[in-house]
Amino acid sequence: LATNIFGVYKSASAGTLTISNNTIGSDTQSNSINATSGSTSNPQIVTGIYNAGSGSIIFNGNLIANLTNGTTNATAGTAGVVNGITSINGSNDITNNIIHDLTIANANTNATNNASACGISLTTATLRNITGNKIYNLSNTFTSFAGSVTGLYFSGSTGGNNISGNFIHSLSITSG
């Protein structure tokens with residue numbers, strides 16, 4: 001069975017919301033949030049902040065760190081993930097967040113919004129402002145990994161978006 005963990009979960013409802021200055025996980029303790037299920041047959045999800053709501057959603061000054069998805073799923077098409085921030089709806093302003101040390105060890109080969117490890121994953125046609133975020137130390141340690149680890153994934157409209165001044169580094173995979 002999959003054991004899904006969401007630090008903050010915004011349901012699919014309308015409205016303006018600010019999610020700011022939260023600490024999800026520990027800045028210093030490894031695996032401080034850890035889905036320990038091996039989850040070998042179902043996709044398992046570990047996400048710091050998840051948004052499905054429409055309207056204006058602001059994510060500012062959050063620390064998301066040391067999240068581990070313990071899935072060991074060896075099926076490439078099973079999309080177990082570890083994400084810092086995921087937003088699938090709304091007009092988003094994502095600024096000055098720090099996301100680091102997200103770890104997974106599965107065979108997920110998805111290269112889009114469901115990549116095995118992703119700092120910020122955004123999918124929708126609504127306008128976005130993504131600035132000043134720090135994303136680092138994202139990894140997949142599955143020994144024969146052939147998928148993607150992504151700092152920032154964006155899929156949406158092309159007009160009026162601002163993605164600038166983000167610092168993304170130290171993304172890693174273990175591959176046999």
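Given the structure is predicted, the values throughout are model-derived calculations rather than measurements. For this chain, numbers begin at 1 and follow the sequence in order.
Looking only at side-chain heavy atoms (C-beta outward), F6 and I45 come within less than 4.5 Å of each other. Within the 4.5 Å cutoff, the side chain of P43 has no heavy atoms near those of the V81 side chain. Contact check for T112 versus Y153: side-chain heavy atoms found under the 4.5 Å cut-off. At a threshold of 4.5 Å between non-hydrogen side-chain atoms, the residues T3 and Q44 count as touching. In this structure the side chain of I64 never reaches within 4.5 angstrom of the side chain of H100, judged on heavy atoms. Residues L67 and D101 are not in side-chain contact: their nearest non-hydrogen atoms beyond the backbone lie 4.5 Å or more apart. When side chains are defined from C-beta on, I120 does not count as touching F59, because their heavy atoms never get closer than 4.5 Å. When side chains are defined from C-beta on, N51 does not count as touching T86, because their heavy atoms never get closer than 4.5 Å.
Closest approach of S116 to N140, counting heavy atoms only: OG-ND2, 3.1 Å. The two residues V46 and A35 make their nearest non-hydrogen contact at CG2-CB, 3.6 Å. When all heavy atoms are compared, the tightest approach of I104 to A117 is CG2-CB, 4.4 Å. In terms of heavy atoms, N83 sits closest to S121 at ND2-CB, 4.3 Å. Counting all heavy atoms, side chain and backbone alike, A65 lies closest to S26 at CB-O, 3.3 Å.
Residue N114 holds its CG atom at 11.5 Å from OG of S148, rounded to the nearest 0.5 Å. A distance of 6.0 Å separates CG of N166 from CD1 of I135, quoted to the nearest 0.5 Å. Atom CG of residue L122 and atom CG of residue L152 lie 6.0 Å apart, to the nearest 0.5 angstrom. Of the inter-residue distances, the one linking N96 atom CG with K134 atom NZ reads 9.0 Å to the nearest 0.5 angstrom. Interatomic distance, CG of L127 versus OG of S56, reported as 11.0 Å (0.5 Å rounding). To the nearest 0.5 angstrom, N113 atom CG is 7.5 Å from S155 atom OG.
The backbone N or O of N22 sits less than 3.5 Å from a side-chain atom of N62, completing a donor-acceptor pair. Side chain of T47 to backbone of I49: no donor-acceptor contact under 3.5 angstrom is found. Of the possible polar contacts, none joining the T78 side chain to the N42 backbone as a donor-acceptor pair under 3.5 Å is found. With N66 contributing its side chain and G25 its backbone, the two residues share no donor-acceptor pair below 3.5 Å. Put simply, the side chain of N108 gets close to the backbone of G80: a donor and an acceptor are under 3.5 Å apart. A distance-only check finds no donor-acceptor pair linking the side chain of T141 to the backbone of T174 [under 3.5 Å].
V82 and I173 fall within a single hydrophobic cluster, where Ile, Leu, Val, Met, Phe, Trp and Tyr are joined by side-chain heavy atoms under 4.5 Å apart, directly or via other members. L63 and L102 are members of different hydrophobic clusters when ILVMFWY side chains are connected at heavy-atom separations under 4.5 Å. I163 and I58 fall into different hydrophobic clusters, where Ile, Leu, Val, Met, Phe, Trp and Tyr side chains are chained together by heavy-atom contacts under 4.5 Å. Residues I98 and L171 are members of separate hydrophobic clusters, defined by side-chain heavy-atom contacts under 4.5 angstrom among Ile, Leu, Val, Met, Phe, Trp and Tyr. I33 and V8 fall within a single hydrophobic cluster, where Ile, Leu, Val, Met, Phe, Trp and Tyr side chains are chained together by heavy-atom contacts under 4.5 Å.
Between F142 and F145, the distance from one ring center to the other does not fall under 6.0 angstrom.
Under the side chain to side chain contact (heavy atoms under 4.5 Å, CB included) criterion, N162 pairs with N129, T131, S164, sequence neighbours left out.
Side-chain atoms of N92 and R128 form a donor-acceptor pair, as typed in the model, at a separation below 3.5 Å. Between the side chains of T36 and N34, no donor-acceptor pair is found at a separation under 3.5 Å.
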Can you list the steps and then say if T68 with N31 is a side chain to side chain donor-acceptor pair (under 3.5 Å)? CA-CA 5 Å; T68 300; N31 306 314; 2.4 Å; yes
Could you walk me through whether N106 and T71 pass the side chain to side chain donor-acceptor pair (under 3.5 Å) check? CA-CA 6 Å; N106 73 342; T71 183; 4.8 Å; no
Decide yes or no on side-chain contact (heavy atoms from CB on, under 4.5 Å) for N133 and I94, but give the supporting numbers first. CA-CA 8 Å; N133 300 288; I94 303 172; 3.9 Å; yes
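Partner I85 forms a side-chain contact (heavy atoms from CB on, under 4.5 Å) with one of I24, I130, N97 and no other, that one being N97.
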